[in-house]
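Just so it is clear: chains get the letters A, B, ... in the order the sequence lines come, proteins before strands, and each one is counted from 1.
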Protein chains: 2
Amino acid sequence: MSVTIIDVAKKAGVSPSTVSRVISGHSRISPATIRKVKEIMDELGYHPNVMAKSLVSKTTQTIGILLPRSAEELFLNLFFSEIIRGVVTQSTRSGYDLMMTTGTSEREEVEAITRLVKGRRVDGIILLYSRKSDPVISFLQEMKFPFVLVGRSEDFPHVLSIDNNNVLAAYDATRHLIAQGHKRIGFVSGPPNLIVSRDRMDGYVQAMREAKLEIQTEWIVEGEFLQESGYRAMSFFMNLPHRPTALVVIDDIVAFGVLRGVTELGYKVPSDLSLVGFNNIPMSELSSPPISSIDIGIYQLGYTASQTLIKAVKGEPIHHNHIIIPHRLMTRESSLHTIHP
Amino acid sequence: MSVTIIDVAKKAGVSPSTVSRVISGHSRISPATIRKVKEIMDELGYHPNVMAKSLVSKTTQTIGILLPRSAEELFLNLFFSEIIRGVVTQSTRSGYDLMMTTGTSEREEVEAITRLVKGRRVDGIILLYSRKSDPVISFLQEMKFPFVLVGRSEDFPHVLSIDNNNVLAAYDATRHLIAQGHKRIGFVSGPPNLIVSRDRMDGYVQAMREAKLEIQTEWIVEGEFLQESGYRAMSFFMNLPHRPTALVVIDDIVAFGVLRGVTELGYKVPSDLSLVGFNNIPMSELSSPPISSIDIGIYQLGYTASQTLIKAVKGEPIHHNHIIIPHRLMTRESSLHTIHP
DNA sequence: CTGAAAGCGCTTACAG
DNA sequence: CTGAAAGCGCTTACAG
């Protein structure tokens with residue numbers, strides 16, 4: 001049915017081995033043979049069967065990406081789109097295909113990865129998001145299978161990973177609010193089992209301590225990466241007798257929820273409540289008021305993850321196991337309100 | 001290195017053929033053998049080598065998705081994230097993996113698809129977005145390779161496709177504005193080579209004609225699916241001596257651009273200019289004012305595309321070649337301003 | 001119900 | 001510089 005290496009060999013009057021060597025750019029082949037074989041390949045419309053090639057070469061020219069369990073809701077947040085955009089761009093440039101997989105439970109995730117790894121379907125894997133103790137990481141380490149983590153792992157500190165310095169990022173965000181004269185600053189966090197939540201919390205705490213500002217436990221609220229979480233956090237804060245005048249918010253989408261709630265209650269951002277978010281999604285500058293946000297270079301995170309993984313797959317040397325993508329505070333109206341004591 | 005079917009066979013004291021039959025759930029195997037073999041498989045941690053299986057079975061349990069050329073900018077628009085979310089959810093549920101590929105030029109796209117198809121890397125392909133004459137479609141048809149199109153094709157009208165009724169959707173949007181008393185309604189379109197642009201334009205024109213309303217050519221502007229396009233269109237409209245009082249806008253993201261521009265100029269939505277967009281992205285209800293939008297069921301589009309493709313791959317009967325996902329107008333403040341003549 | 005054998009399409013030492 | 005042969009890990013008629 002399709003054209004095989006044997007068809008080409010016959011027609012070119014050479015052996016299949018020779019055709020194979022021409023394809024792989026093997027050294028010791030006469031120019032004449034190369035020309036001849038290539039001609040026939042074109043003429044016949046030959047294309048290598050990837051499966052056969054993989055079977056013997058034990059390489060697939062494909063990398064896999066495991067989407068977090070909540071893939072269903074996942075894409076509501078621009079974070080993952082941006083990551084994937086970076087990954088697919090880079091992997092395509094490097095001649096690798098990208099395989100996506102997911103699972104709805106931890107067991108399903110491990111199964112999906114097992115299938116990819118043991119089924120020899122991919123050469124390496126990109127993991128998005130790290131939870132505290134992740135059986136997927138244990139499995140990949142045990143298998144000695146190449147992988148990179150977007151984020152970082154506490155249980156497996158030496159794992160190859162691409163991350164932001166989230167502690168510093170949150171520190172910067174908090175410092176910025178302090179510089180505007182705020183003293184009562186709250187923090188809206190994400191799911192507590194995510195390392196990114198705790199890193200950003202740490203940065204916030206550090207900045208507050210350093211400035212000798214009081215942190216009230218009720219100024220710290222945990223939630224999901226969803227608008228609703230912001231909305232709920234806001235209602236909670238606004239009912240406090242001593243409410244904060246500014247918030248550091250774990251994700252812009254959550255910040256939108258805060259903003260919406262604040263506006264509905266008739267308060268104003270930034271005069272009644274100043275905000276700084278994270279991720280700098282395109283809508284941040286569109287909302288009214290525009291929201292200040294830490295740009296964490298999401299696309300770059302994905303691009304670098306793919307690049308690093310492919311290096312690892314090829315066995316090229318990797319100098320740093322932990323690559324940090326720089327962040328940048330984008331100051332906008334939501335945090336430009338100076339408090340005069 | 002890894003455990004093969006032969007290792008299992010040896011240890012279980014049967015032939016490789018039998019192991020293979022147990023794996024594939026073949027009928028005529030004694031329960032005792034099945035139990036024994038499964039036990040050994042677990043014990044040894046056996047996992048089938050997908051490549052070897054594909055090579056002989058000629059099936060990959062994988063579908064491919066071709067991202068539009070502009071993948072770089074692509075994900076800035078929620079449309080693709082949502083589509084992919086639908087596709088990955090459904091394909092995973094059906095036990096298929098998802099392979100993503102892209103190209104930066106038409107030639108590269110054809111190459112990427114050729115690699116997937118001729119390399120027997122996938123069982124079927126999902127195409128996003130259709131341009132007027134698409135060499136990828138010609139190729140797939142010629143190869144008799146299963147594929148579905150998200151969108152529709154004029155050059156290949158019988159191709160399996162999942163689409164909205166974009167003509168009707170735009171008609172509904174326009175009717176809604178007419179019902180508010182608007183007579184001077186403009187249309188901000190997308191790239192003219194996309195069928196979706198022309199379909200929506202047609203719906204707009206139909207509704208206007210039917211209501212015996214005049215359409216001025218300067219009320220129709222083409223652009224990209226980007227904020228900037230909306231911004232530019234707005235500046236253009238607002239400088240017209242006889243400017244429209246309402247706009248149908250091809251995409252919410254473009255509508256945001258319009259909104260931002262209008263606001264900057266000191267005008268108000270909806271009183272100075274009413275807006276209806278398409279796609280109903282999450283931000284539509286967050287902006288101020290919230291933007292009316294046609295929800296086209298993007299997730300559903302992706303989910304159904306995957307479902308239909310997998311049916312086609314399996315050779316199951318498909319009753320309709322053109323599947324239409326219903327749309328729904330979400331009325332919000334941006335279009336709730338009644339004009340009294 | 002089960003096994004031996006051929007074959008899927010390729011690569012790669014081993015010879016020459 | 002090139003060919004014959006073995007083998008990657010699986011499936012599937014063909015026998016029995």
Side-chain angles (χ1 to χ4, degrees), chain A residues 1-41 44-62 114-123, chain B residues 1-41 44-62 114-123:
Chain A
M1 174 172 150
S2 10
V3 183
T4 74
I5 215 171
I6 296 190
D7 301 326
V8 176
K10 258 181 205 146
K11 188 135 185 180
V14 296
S15 76
S17 334
T18 301
V19 176
S20 171
R21 287 183 186 114
V22 171
I23 293 167
S24 58
H26 202 284
S27 41
R28 333 194 148 289
I29 303 279
S30 79
T33 312
I34 293 179
R35 209 176 325 110
K36 179 72 179 166
V37 170
K38 288 206 164 151
E39 204 171 88
I40 304 285
M41 291 197 322
L44 263 41
Y46 171 78
H47 256 261
N49 180 314
V50 180
M51 299 303 167
K53 179 171 177 166
S54 292
L55 182 58
V56 25
S57 70
K58 312 269 187 223
T59 169
T60 62
Q61 292 283 108
T62 303
T114 306
R115 242 176 355 118
L116 291 192
V117 172
K118 294 214 169 186
R120 314 250 147 224
R121 229 161 158 29
V122 298
D123 296 345
Chain B
M1 171 175 154
S2 10
V3 183
T4 75
I5 215 171
I6 297 190
D7 300 326
V8 176
K10 256 182 206 147
K11 186 136 189 179
V14 296
S15 76
S17 334
T18 301
V19 176
S20 171
R21 286 183 186 113
V22 170
I23 293 167
S24 59
H26 203 281
S27 41
R28 331 193 153 289
I29 304 278
S30 79
T33 311
I34 293 178
R35 209 175 327 108
K36 179 73 180 161
V37 170
K38 287 204 164 152
E39 205 172 88
I40 304 285
M41 290 196 325
L44 262 42
Y46 170 77
H47 256 263
N49 179 314
V50 180
M51 297 304 167
K53 180 171 176 167
S54 291
L55 182 56
V56 26
S57 70
K58 312 265 185 230
T59 169
T60 62
Q61 292 285 104
T62 304
T114 305
R115 238 171 4 113
L116 291 192
V117 171
K118 294 216 171 183
R120 313 252 147 224
R121 226 157 160 36
V122 298
D123 294 344

**Message:** So A:Ser54, base contact, sugar-phosphate only, or nothing? Heavy-atom distance under 4.0 Å.
**Reply:** nothing
**Asked** Just how far, in rounded Å, is C1' of C:dC8 from CG of A:Leu55?
**Response** 9 Å
**Message:** If you assign each of A:Pro16 and B:Thr18 to its closest nucleotide in DNA chain C, which residue comes earlier from the 5' end?
**Reply:** B:Thr18
**D:dG16 to D:dT12 separation - C1' atoms, rounded to the nearest Å** = 16 Å
**Message:** Treating A:Thr62 as the side-chain partner and A:Thr60 as the backbone partner, does any N or O pair qualify as donor plus acceptor under 3.5 Å?
**Reply:** yes
**Message:** Measuring only the P atom in each nucleotide, how far is D:dC10 from D:dC14? A whole number of Å is fine.
**Reply:** 24 Å
**Asked** Would you find a donor on one side and an acceptor on the other, under 3.5 Å apart, between the side chain of B:Asp123 and the backbone of B:Gln61?
**Response** yes
**Closest listed nucleotide, where the reference is the side chain of A:Ser20 and the choices are D:dG3, C:dT11, C:dG3** = C:dT11
**Asked** Can you name the one residue among A:Thr33, A:Ile34, A:Ile40 that meets side-chain contact (heavy atoms from CB on, under 4.5 Å) with A:Lys36?
**Response** A:Ile40
**Request:** Considering just the side-chain nitrogens and oxygens of A:Lys58, establish if one lies under 4.0 Å of OP1 or OP2 belonging to D:dG9.
**Result:** yes
**Flag, side chain of A:Ser54 to backbone of A:Val50, donor-acceptor distance under 3.5 Å** = yes
**Item:** B:Asn49 side-chain proximity, nearest of D:dG9, C:dC10, D:dC1
**Value:** D:dG9
**B:Ser20 side chain to B:Pro16 backbone, donor-acceptor under 3.5 Å** = no
**Prompt:** What's the CD1-C1' distance between B:Ile5 and C:dG3, to the nearest Å?
**Reply:** 13 Å
**Item:** Spacing of A:Met41 atom CE relative to C:dG9 atom C1', expressed in whole Å
**Value:** 15 Å
**Request:** Please test A:Leu44 against A:Lys11 for side-chain contact (heavy atoms from CB on, under 4.5 Å), starting from the C-alpha separation and ending with a verdict.
**Result:** CA-CA 9 Å; A:Leu44 263 41; A:Lys11 188 135 185 180; 3.9 Å; yes
**Fill in**
Closest to the side chain of B:Ala52, out of C:dA4, D:dG9, C:dC10, is D:dG9
**Request:** Let me know the distance between CD1 of B:Ile23 and P of D:dG9, rounded to the nearest Å.
**Result:** 14 Å
**Message:** Using whole Å, what does the distance between atom P of nucleotide C:dT11 and atom CE of B:Met51 come to?
**Reply:** 14 Å
**Asked** For the pair made of CZ in A:Arg121 and C1' in D:dG9, what is the distance, rounded to whole Å?
**Response** 15 Å
**Message:** What is the distance, to the nearest angstrom, from the CD1 atom on A:Ile6 to the P atom on D:dG3?
**Reply:** 14 Å
**Message:** Quick check against the 3.5 Å criterion: does B:Thr18 have a side-chain atom that pairs as donor or acceptor with the backbone of B:Val14?
**Reply:** no
**Prompt:** Among B:Ile6, B:Thr4, B:Val37, whose side-chain contact (heavy atoms from CB on, under 4.5 Å) with B:Val19 holds?
**Reply:** B:Val37
**Prompt:** Should B:Asp7 and B:Tyr46 be marked as a side-chain contact (heavy atoms from CB on, under 4.5 Å) after you check the CA-CA gap, both sets of side-chain angles, and the distance that decides it?
**Reply:** CA-CA 9 Å; B:Asp7 300 326; B:Tyr46 170 77; over 6 Å; no
**Asked** What dot-bracket string describes DNA chain C from 5' to 3', counting Watson-Crick and G-U wobble pairs whose defining distances are under 3.5 Å, with [ ] for crossing pairs and | for pairs to another strand?
**Response** |||.||||||||.|||
**Prompt:** For D:dC1, does OP1 or OP2 lie under 4.0 Å from any side-chain N or O of A:Thr33?
**Reply:** no
**Asked** Would you say B:Thr4 reaches D:dG9's phosphate, i.e. side-chain N/O to OP1/OP2 under 4.0 Å?
**Response** no
**Request:** Output all residues satisfying salt bridge (charged side-chain N to carboxylate O under 4.0 Å, His left out) with A:Lys118, sequence neighbours left out; order by chain, then residue number.
**Result:** none
**Asked** To the nearest angstrom, how far is A:Asp7 atom CG from C:dC8 atom P?
**Response** 11 Å
Dump the pairs, protein N or O against N or O of nucleotides 13-16 of chain D, anything under 3.5 Å, distances to one decimal.
residue, atom, partner, partner atom, Å
D:dA13, N6, B:Arg21, NH2, 2.6

